[in-house]
Number of protein chains: 2
Amino acid sequence: MSAKLEFTQEVQKIAGFSKALSHPVRVYILQKLSKMGSCCYSGDLVEELPVGRSTLSQHLKELKYAGLIQGEINPPYIKYCINRKNWEEAKQLFSSFLNETEIAEASCEVQAISEHQ
Amino acid sequence: MSAKLEFTQEVQKIAGFSKALSHPVRVYILQKLSKMGSCCYSGDLVEELPVGRSTLSQHLKELKYAGLIQGEINPPYIKYCINRKNWEEAKQLFSSFLNETEIAEASCEVQAISEHQ
DNA sequence: AAATCATTTCGTAATTTTGCGAAATATCAA
DNA sequence: TTGATATTTCGCAAAATTACGAAATGATTT
């Protein structure tokens, strides 16, 4: 019945980080925070983004859970910024994942199949 | 009431590719296919992966929808391999997204907050 | 003590994702 | 034509995601 392998840590981590990056709101936040070490407040973000405060809060929670951001409590504000350690790890993981490729050109002669839905 | 920006194409594409990468089964498939231009069949994958045939088929469909793989029909098999053009695009997008950072060290003095759930 | 402020948590609803087995499809072999 | 094969599609259920407004939290100011 075959081995039905467990996924490696690497595969699981890539899937986990990708999940955190799988919503435009979260990509936007990370893009903003990763630029030259900037930080920002939930209140700043809600002005720019097409979601309400509570929804934004949930997205921030997801990013914290994934380890990609961290918040410094500074009442009554919370200052968010990138979690550099994990951001570096994500960077490294994606980099090696995406670059395992190369070589071999004409492996599959293409052919678009099906559409979604 | 503030501008409530639209997301850029870049942000949307990153979110879209990330969504495709947000499940271990799909990361595994891509990891396998991206290595030295290899191809494989649904039947090979179902031996290795802890999901049934119909579920695997759905994951392959997601990857096709995202444009990351393509299948060459070769009855009674379908040979799957990476869609190089879009894989390169994803590579480039993630690379510039993840590397916009750098500079600035002590922006936020850390502090782990909350747990998930 | 009461009011204010930024933010999160709660409760709820709509939608999407993930998974399965059964049935359908399409092609080749007997 | 019948049977076998590889894969997908269908129908369904359980769980997760996304979103909202209302209420709660925690700290400061009046």
Side-chain angles (χ1 to χ4, degrees), chain A residues 1-2 4 7 11-12 15-29 39-66 69-81 108 111-117, chain B residues 1-2 4 7 11-12 15-29 39-66 69-81 108 111-117:
Chain A
M1 260 296 85
S2 69
K4 303 296 185 184
F7 295 109
V11 165
Q12 292 186 73
F17 283 134
S18 294
K19 194 167 152 193
L21 288 172
S22 70
H23 193 289
V25 163
R26 297 194 294 262
V27 173
Y28 177 88
I29 294 169
C39 291
C40 67
Y41 300 94
S42 178
D44 301 336
L45 291 168
V46 86
E47 297 289 310
E48 310 169 13
L49 291 169
V51 290
R53 286 168 198 282
S54 58
T55 302
L56 174 60
S57 191
Q58 279 184 142
H59 285 301
L60 290 168
K61 189 170 159 187
E62 280 302 310
L63 290 173
K64 272 186 290 186
Y65 174 67
I69 66 171
Q70 59 201 190
E72 184 189 353
I73 296 172
N74 201 339
Y77 298 94
I78 300 177
K79 185 168 77 172
Y80 286 104
C81 53
C108 203
Q111 187 153 168
I113 321 183
S114 80
E115 39 259 49
H116 204 56
Q117 278 314 12
Chain B
M1 259 297 82
S2 70
K4 302 297 183 184
F7 295 110
V11 165
Q12 292 186 74
F17 284 134
S18 295
K19 194 167 153 193
L21 288 172
S22 70
H23 193 289
V25 163
R26 297 194 293 263
V27 172
Y28 178 89
I29 294 169
C39 291
C40 67
Y41 301 94
S42 178
D44 301 336
L45 291 169
V46 86
E47 297 288 311
E48 309 168 15
L49 291 169
V51 290
R53 287 169 197 283
S54 59
T55 303
L56 175 60
S57 191
Q58 278 184 144
H59 285 302
L60 290 167
K61 189 170 158 185
E62 280 301 310
L63 290 173
K64 272 186 289 185
Y65 174 67
I69 66 172
Q70 57 201 190
E72 183 188 355
I73 295 171
N74 201 339
Y77 299 93
I78 299 177
K79 185 169 78 171
Y80 285 104
C81 53
C108 204
Q111 187 154 171
I113 322 183
S114 80
E115 38 259 48
H116 204 56
Q117 277 319 9

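Naming: A, B, ... by sequence-line order, numbering from 1 per chain.
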### Query
Can you tell me how far the CD atom of B:E72 sits from the SG atom of B:C81, to the nearest 0.5 Å?
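So the CD of B:E72 and the SG of B:C81 are separated by 7.0 Å.
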
[X] side chain near [N] phosphate (N/O to OP1/OP2, under 4.0 Å):
X: A:K19; N: D:dA16; value: no
X: B:R53; N: C:dA22; value: no
X: B:K79; N: D:dA6; value: no
X: B:H59; N: C:dG19; value: yes

### Query
Given that B:G43 and B:Q58 both sit by DNA chain D, which one's nearest nucleotide is further toward the 5' end?
B:G43

### Summary
5'-most contact on DNA chain D (nearest-nucleotide basis), A:H23 vs A:P75, goes to A:H23

Figure out the [atom1]/[atom2] separation between [X] and [N], and round it to whole Å.
X: A:L45; N: C:dA6; atom1: CG; atom2: P; result: 14 Å
X: A:Y28; N: D:dT18; atom1: OH; atom2: C1'; result: 20 Å
X: B:Y41; N: D:dT8; atom1: OH; atom2: P; result: 13 Å
X: A:L60; N: C:dT7; atom1: CG; atom2: P; result: 9 Å
X: A:I29; N: D:dT18; atom1: CD1; atom2: C1'; result: 14 Å
X: A:K61; N: C:dA6; atom1: NZ; atom2: C1'; result: 17 Å
X: B:E62; N: D:dA16; atom1: CD; atom2: C1'; result: 15 Å
X: B:K64; N: D:dT7; atom1: NZ; atom2: P; result: 11 Å

### Query
Checking all strands, does B:S42 fall into the base, sugar-phosphate, or nothing category for heavy-atom contacts under 4.0 angstrom?
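Sugar-phosphate: the residue B:S42, judged by heavy atoms under 4.0 Å, touches backbone atoms but no base.
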
### Query
Does B:R26 reach the main-chain N or O of B:L21 with its side chain, forming a donor-acceptor pair under 3.5 Å?
no

### Task
Please answer whether the main-chain N or O of B:K19 pairs with a side-chain N or O of B:S22 as donor and acceptor at a distance below 3.5 Å.
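It does hold such a pair.
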
### Stepwise side-chain contact (heavy atoms from CB on, under 4.5 Å) test for A:I29 and A:L49
CA-CA 9 Å; A:I29 294 169; A:L49 291 169; 4.2 Å; yes

Among [options], find the nucleotide with the atom closest to the side chain of [X].
X: B:P76; options: C:dT7, C:dC5, D:dT5; result: D:dT5
X: A:S57; options: D:dT18, D:dT8, C:dT9; result: C:dT9
X: B:S54; options: C:dG21, D:dA22, C:dT18; result: C:dG21

### Task
Classify the ring geometry between B:F7 and A:Y28 as parallel (under 30°), tilted (30 to 60°) or perpendicular (over 60°).
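Ring orientation, 0 to 90° scale: perpendicular.
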
